[in-house]
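Report on one structure; see the data block that follows.
Residues: numbered from 1 along the sequence shown.
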Amino acid sequence: MGETVIDETVRPISGALMSFYREEEFEYMADENERDEFMDDVDDEFHGRDAREMENEDEYDVLVRVTDTSAAQARKGKDIQGIPWERLNITREGYRRTRLEQYRNYENVPDSGDVMEKECKQVAKGGNYYEFRHNARSVKSTILHFQLRNLVWATSKHDVYLMSNYSVIHWSSLACTPSEVLNVSGRITPAERYPGSLLEGFSQPQISTLAVKDNLLVAGGFQGELICKQLDQEGVSFCRRTTFDDNAITNAIDIYDNLSGNVHFMASNNDCGVREFETERFQLLKHFTFPWAVNHTSISPDRKLLVVVGDDPDGLLVDSQSGKTVSPLVGHLDFSFASAWHPDGRTFATGNQDKTCRVWDIRNLSSSIAVLRGNLGAVRSIRYSSDGRFMAVAEPADFLHIYDTKMDCKKRQEIDFFGEISGISFSPDTESLFIGVWDRIYASLLQYSRKHTYSYLDSFI
């Protein structure tokens, strides 16, 4: 992933009424020259009216009014995001067509998405595994780096953590209320003393990635920061800068239990490093280096193997103890930013800017066993349900695909909405699926519930 710069001239795709953005139109961009190429205005015919030019202020108030949407309201016809299409100058179907035509996938390797689009077919829709439950617009999911989309984590079917501007927010789907867990708008200093911890802390760290598991929260920053917090304790436990490299951004964090039951986490950085830490005293255990910036790392269920992907089309399967390469992963055409293991420990998936998710089997790594293509752009996030039944694959915007692994990913459910995806997360019991949506007006947290078929009830009908 390239060095980031700040851009203050973010422009909407369709004016103030519909402030949805293309993937590249974020405050933080990978390269200034590449950014400028993406900043051309969309044709005026697709732009809504500017709110400042509206004659009827009440009409604008209706458009931006923050209202949640329940499953009951959605069944009666309300848009799940609360978008009042009847008041806009374009229908939902028309805007969807426009998005599919106008959205430009960000690529580090030119035309990688177009090449893959010709080579692989889209899996047929028809699955119906999770149903809409609630859209919470009172909690605003946000993104700081357009390529990093791991900012939503569920610790139960009712509890989810996400980034919202300078805060990590806890959202309770039972109480429907947000509460602040961590605020990084000022100085962050550790409340506990551990070797290697920066006692002076950080001043206004910019959070690039996040991970939450059970009682532990770990946030990574643009300057290689690591911030560790126990959710049942006040303050921050540990602060550290993993590297002082000029290009040090923390791209991903993976929290897991080791074979002894102790909690560890792994940080993937732009300085080409992968670092493993324990969480009793937050000490560095291992540090592996690779030939390219590491964008994401996942450890296998048996803790023996690592999937390592980054700024190279080929990923790596690596021995978790030695850091030595077990096998290259050849097939993608661009840089990868996502990976995940199936709970069976035999298969795993990687997501790439060539618009595909590839599924691999460790028993034969000469080629992937499935190539799954998206609609709009890069695969930015992948999650397996804890029972292994489903794999959720998130594009940068608008689409989340849920594949049935029991059917070898040959059937999928497509969840269709509008807005950039900040992160996705299954609850540990698989009952809930959360999707963070970033948008100037319609930012929210979507919640879906797993559908169940109780065949034993048929006898009573």
Side-chain angles (χ1 to χ4, degrees), residues 1-2 13 20-26 30 34 37-38 40 42-43 46 93-127 146-147 149 295-296 309-315 328-340 348-360 366-383 391-405 407-421 424:
M1 182 177 59
I13 216 171
F20 303 119
Y21 296 80
R22 293 173 295 177
E23 175 182 11
E24 66 281 0
E25 293 177 330
F26 283 95
E34 292 175 344
E37 294 178 5
F38 281 85
D40 295 334
V42 180
D43 292 342
F46 298 124
E93 294 74 19
Y95 190 68
R96 170 53 67 214
R97 289 193 297 270
T98 297
R99 288 280 280 179
L100 290 170
E101 294 169 359
Q102 297 290 330
Y103 197 97
R104 295 177 62 196
N105 180 42
Y106 185 89
E107 299 171 337
N108 288 98
V109 178
D111 302 320
S112 62
D114 292 338
V115 172
M116 289 308 305
E117 192 169 350
K118 296 175 182 177
E119 291 186 2
C120 64
K121 296 180 179 179
Q122 180 63 278
V123 174
K125 293 185 288 186
F146 77 103
Q147 291 172 306
R149 307 299 186 91
N295 296 329
H296 202 273
V309 298
D311 283 5
D312 193 272
D314 296 344
L329 306 173
V330 181
H332 283 302
L333 301 181
D334 208 309
F335 297 174
S336 294
F337 284 83
S339 64
F348 60 89
T350 55
N352 192 273
Q353 291 184 155
D354 64 9
K355 297 185 181 181
T356 68
C357 169
R358 286 180 178 264
V359 182
W360 310 80
S366 59
S367 63
S368 55
I369 58 175
V371 184
L372 310 171
R373 179 171 60 83
N375 295 331
L376 278 182
V379 172
R380 295 289 181 202
S381 187
I382 303 171
R383 297 285 185 273
M391 179 179 68
V393 177
E395 299 190 45
D398 293 18
F399 293 104
L400 176 68
H401 309 276
I402 306 174
Y403 294 90
D404 187 344
T405 62
M407 299 187 66
D408 297 326
C409 297
K410 294 178 180 178
K411 190 176 183 181
R412 69 183 171 101
Q413 176 183 356
E414 182 179 275
I415 298 178
D416 177 341
F417 49 93
F418 292 100
E420 298 290 327
I421 300 174
I424 58 172

Could you walk me through whether Arg380 and Ile421 pass the side chain to side chain contact (heavy atoms under 4.5 Å, CB included) test, one step at a time?
CA-CA 9 Å; Arg380 295 289 181 202; Ile421 300 174; over 6 Å; no
d(Asp334 CG, Asp111 CG) to nearest 0.5 Å is 10.5 Å
Mark yes or no for whether Glu107, through its side chain, and Gly113, through its backbone, hold a donor-acceptor pair below 3.5 Å.
yes
Flag, side chain of Asp354 to backbone of Ser112, donor-acceptor distance under 3.5 Å:
no
May I ask you to decide if Cys120's main-chain N or O and Arg373's side chain share a donor-acceptor pair within less than 3.5 Å?
yes
Distance-only polar pair, side chains of Gln353 and His332, donor-acceptor under 3.5 Å:
no
Pair Arg96-Arg99, side chain to side chain contact (heavy atoms under 4.5 Å, CB included): steps then yes or no:
CA-CA 5 Å; Arg96 170 53 67 214; Arg99 288 280 280 179; 3.6 Å; yes
Hey, what do you get for CG (Asp398) to CD1 (Ile415), rounding to the nearest 0.5 Å?
13.0 Å
Find the distance between CG (Leu100) and CG (Asn375) and round it off to the nearest 0.5 Å.
6.5 Å
Just by distance, with hydrogens left out, do Gln147 and Asn295 show a side-chain donor and acceptor under 3.5 Å apart?
no
Which value, rounded to the nearest 0.5 Å, describes the distance between Ile382 atom CD1 and Arg358 atom CZ?
12.0 Å
At their closest point, which heavy atom of Leu333 faces which heavy atom of Asn352, and how far apart are they?
N-OD1, 4.2 Å
When rounded to the nearest 0.5 Å, the distance separating CG of Leu372 from CE of Met116 is 10.0 Å
Using the side chain to side chain contact (heavy atoms under 4.5 Å, CB included) rule, take Arg412 and Val393 through it: C-alpha gap first, then chi angles, then the decisive distance, then the call.
CA-CA 10 Å; Arg412 69 183 171 101; Val393 177; over 6 Å; no
Do the rings of His401 and Tyr403 sit parallel, tilted or perpendicular, given the 30° and 60° boundaries?
tilted
Less than 4.5 Å apart, any side-chain heavy atom of His296 and any of Phe337?
no
If you take all heavy atoms of Asp314 and Val330, which pair is closest and at what distance?
OD1-CA, 3.7 Å
Using the ring of each side chain (for Trp, its six-membered ring), is Trp360 parallel, tilted or perpendicular to Phe348, with breaks at 30° and 60°?
parallel
Which heavy atom of Met391 sits nearest a heavy atom of Cys357, and at what distance?
CE-SG, 4.0 Å
Short side-chain to backbone donor-acceptor contact, Arg149 and Pro396, under 3.5 Å:
yes
Separation between CZ (Phe418) and OH (Tyr95), nearest 0.5 Å, reads 6.5 Å
Residues Ser336 and Val309: closest non-hydrogen pair is CB-CB, 3.5 Å
Main-chain N/O of Cys409 paired to Asp404 side chain as donor or acceptor, under 3.5 Å
no
Please check this pair: side chain of Glu395 against backbone of Leu376, looking for a donor-acceptor N/O pair closer than 3.5 Å.
yes
Which pair of non-hydrogen atoms, one from Phe417 and one from Leu400, has the smallest distance, and what is that distance?
CE2-N, 4.3 Å
